[in-house]
Amino acid sequence: MNQIVEKVLFSEKVAKFVVDAPRIAKSRKPGHFVILRVDEKGERIPLTIAGADPVKGTIVLVVQKMGVSSAKLFELEVGDSILDLVGPLGKATHIHQAGTVLACGGGVGVAPMLPIVEGFKKAGNRVISIIAARNKDLIILEDEIRQWSDETIVMTDDGSYGTKGLVTAGAEMIIQREKVNECIAIGPAVMMKFTSLLTKKYEIPTQASLNAIMVDGTGMCGACRVSVGGNTYFTCIDGPEFDAHQIDFDELIMRLGGYSNEEKLAYERYV
Amino acid sequence: MSTNKEYIQIEREKEWRVELRKTIANKERTAKERVRMPEMDPQERIKYQDREVNIGLSADQAQGEATRCLDCANPTCIEGCPVSINIPKFVKYIEAGKFLDAAKTLKETSALPAVCGRVCPQEKQCEASCFYTQKMKKDPVAIGHLERFAADYERESGFMSVPEVAPANGIKIAAIGSGPASLSFAGDMIKLGYDVTVFEALHEIGGVLKYGIPEFRLPNKIVDVELDNLQKMGVKFVRNFIVGKTASFDDLKEEGFEAFFVASGAGLPRFMNIPGENYNGILSSNEYLTRVNLMNAAKDEFDTPVIKGKTVAVIGGGNTAMDSVRTAKRLGAERAIIVYRRSRAEMPARVEEVHHAEEEGIEFINLANPIEYFADEKGKVNRMRVQRMGLGEPDASGRRRPIVLEGSEYDIPVDLVVVAVGVSPNPLIPSEVKELKVSKWGTIEVTEETMQSSIPEMFAGGDIVRGGATVILAMGDGRKAAANMDEYLQKKLKK
Ligand SMILES: Cc1cc2nc3c(=O)[nH]c(=O)nc-3n(C[C@H](O)[C@H](O)[C@H](O)COP(=O)(O)OP(=O)(O)OC[C@H]3O[C@@H](n4cnc5c(N)ncnc54)[C@H](O)[C@@H]3O)c2cc1C
Ligand SMILES: Cc1cc2nc3c(=O)[nH]c(=O)nc-3n(C[C@H](O)[C@H](O)[C@H](O)COP(=O)(O)OP(=O)(O)OC[C@H]3O[C@@H](n4cnc5c(N)ncnc54)[C@H](O)[C@@H]3O)c2cc1C
Ligand code: SF4
Ligand code: FES
């Protein structure tokens, strides 16, 4: 049982939870995630660790309401507990001195990007961040990202905040302006796909953090398989970050829809 | 071994056994037919994922079957048992109506007799080497059914004894994973007075016994009783804790753990790496069974989804394949098909499961292997291409090697495919502990007699050492590791 010690609503659909998890707070690194189950009937869902305080023994999760499981978590308040929480899972981000790093985050993907941005900044890199969402309400963690970035660009699809346009437009602008040594893309699969296509054109090494469907998160089931460079990998133990230029994004997008009928039914039952 | 032989002889010469042997002539004993396990009607049982197929023997049936056993001077059955249970002793106790003593006899060697009685491949082990099979070419004594009977009787009698525990010695040790290897290890170590903690990555204790083997074969309550007992004896269980991730071995050492038993299993599912295998609707048996057994996905009130196929193909011929295909039937599949590359005779599954599957209307396509999958425009599988196989020369396993029959491909329409072609050792611990010696297959290397790894305070057993094996072997490893870890720690203490 892991108690929620703080909850902040970023928008109607996005919330930040600070959760008591002393072990994980101590052992986690940027790029790691947890798997949690809200209650006895619940699904095991993966969420990235967006931050941690090893002294207080807490971790930060940012969740976007998508279907039943995220909605159930969303309903929990300070003082409530999450039934099961396990982690840290996955491989940590390879943080190193790259030079100039361009970090592209879409939607709730900005949350997992935050510790990575922080890590690269602390490692002595020049970090440029682009945070993007459909509209103003869905832009999250702007101040936190700014704190660890040399430059931050905000973009919305509808122009309700920051610059109007997609992540890729902002990224291309930066790439044409200055030498970028490495790129990170985290967000919806489609966004990562197009960011990857762009950086491939400019031959900039790019890491994408994949949000495959998972069950156990320990390499036991293969629900999270993904094709990278023609080989099958398990996102939960081999990833979640992979060389974006090698990822078969179309397959990932297809696989994310694998249970859409069942999920829709479940959601209808839930509401 | 000889000491064990002596012990078996001494037991056999006890008066009650000698007397019992005289009560019925061997001719009369061998004239009896092997008992038939009462089972649920196939048409009825396929409606339920959680009702056990085998109902269990009545006391009369059990005693009758025990009477068949000849209490041989040279009980070859024991040689067939991986942990050398004193089979005639427990069987004769059943014949004598002393069912609790029978259960106690089982527990001298086996930590989980109620489980083993249900899932051991007896037809390849004790029953294969029974005098009836070997010398008389008759059906062997139903040792497995009797084992289950004795264990169930004890549990249901309310006289299940919690074994005595030695005074606490304050030495902290950890078991990693909570499958049968760990559970038997923990049971032995707690009895010796150690402070035992079992760490499990998942939210449930039991390993494959919980997430893999379905309830129609092994009800959860059977496993839970054993877990309860261990808890009463003082074993601590920690769920949602991945050793090597949540905390490292060094962290645990700092917290006072002095030795470790690694029993992390062979959880990594294998795929065939054929075209189209990543389409939706194609999943590993581990995923399929975990969704249904661990996450209760088939029940509406649980959130985890599972695809309910109308035509389900399960690739493979082992227990995992049988469990998957029978689960598919229970979730409403109209056609549930086993596709296996060798013939029926080579199937590694327990014979009883194959038989039950047949009764339940499972189709078998033998000597066929999938080579490609096809999908609809949304990427959902709808067809598989299989190739027919012939049988060639025997391979290393002694089974005839399947060979491809060129030009024999044909298609089968499917909407769900479960791949059950084997598992590899869980790579988590070997990848976190660089100094640990592993084989080229990724199994942890141990000294066979002691189960000690290349790191002295680290012992290992079960599937992480053997690759996908059996419950009884995992259990035997746990016991062996416990005895040797105890010796190791006591020696260290004296220094
Ligand atoms: C390593 C990893 C880290 C993640 N980190 C975060 C995080 O920090 N914050 C966060 O909000 N989410 C994160 N996710 C995604 C999150 O796990 C899913 O949004 C969640 O499982 C959805 O469950 P649900 O029951 O609410 O929705 P469902 O009912 O399962 O799905 C609702 C809709 O979302 C789509 N969907 C389902 N699963 C995913 C998925 N994994 N990714 C994208 N779309 C999906 C479905 O197709 C469906 O249309 C992460 C995923 C992974 C694999
Ligand atoms: C579907 C299926 C049916 C089977 N049927 C039979 C049968 O009929 N008869 C038979 O004899 N055998 C059968 N087997 C095989 C048998 O179940 C296994 O051989 C046995 O369970 C192995 O036991 P174990 O203790 O080594 O590991 P497991 O039972 O595999 O347990 C290992 C546990 O360790 C946990 N773990 C892994 N890494 C870590 C870590 N780092 N930290 C914490 N926990 C960790 C895992 O989550 C898992 O719960 C079957 C297997 C399957 C999958
Ligand atoms: S070999 Fe068969 S008949 Fe002989 S003691 Fe063992 S079970 Fe009984
Ligand atoms: S989530 Fe099961 S193997 Fe990755």
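Naming: A, B, ... by sequence-line order, numbering from 1 per chain.
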- Donor-acceptor contact below 3.5 Å, side chain B:N280 vs main chain A:M254: yes

- Is A:S27 reaching over with its side chain to a backbone N or O of B:T246, donor-acceptor style, under 3.5 angstrom? yes

- Item | Any side-chain donor near an acceptor of the partner, B:N278 and A:S227, under 3.5 Å | yes

- How long is the gap from CE on A:M220 to CG on B:L268, to the nearest 0.5 Å? 10.5 Å

With a 4.5 angstrom heavy-atom cut-off, could you sort out which part of [X] is near chain A: side chain, backbone, both or neither?
{"X": "B:K378", "answer": "backbone"}
{"X": "B:V419", "answer": "neither"}
{"X": "B:R291", "answer": "side chain"}
{"X": "B:Y279", "answer": "both"}
{"X": "B:L428", "answer": "side chain"}
{"X": "B:K245", "answer": "both"}
{"X": "B:T290", "answer": "side chain"}

- Message: As a quick check of understanding, evaluate salt bridge (Lys or Arg N to Asp or Glu O under 4.0 Å) for A:R23 and B:E255, giving each step before the final call.
- Response: CA-CA 13 Å; A:R23 291 263 187 194; B:E255 290 169 32; 2.8 Å; yes

- Query: Quick one: what part of A:I213 sits under 4.5 Å from any heavy atom of chain B, side chain, backbone, both or neither?
  - Reply: side chain

- Is the cationic atom of A:R225 (NZ for Lys, CZ for Arg) positioned less than 6.0 Å from the six-membered ring centroid of B:F271 and within 45 degrees of its normal? yes

- Note on the structure: Given A:R37, A:E40, A:R28, the one with more heavy-atom pairs under 4.5 angstrom with chain B than any other is A:R37

- Considering non-hydrogen atoms only, spot the tightest contact between B:P269 and A:G219 and give its length. CD-O, 3.5 Å

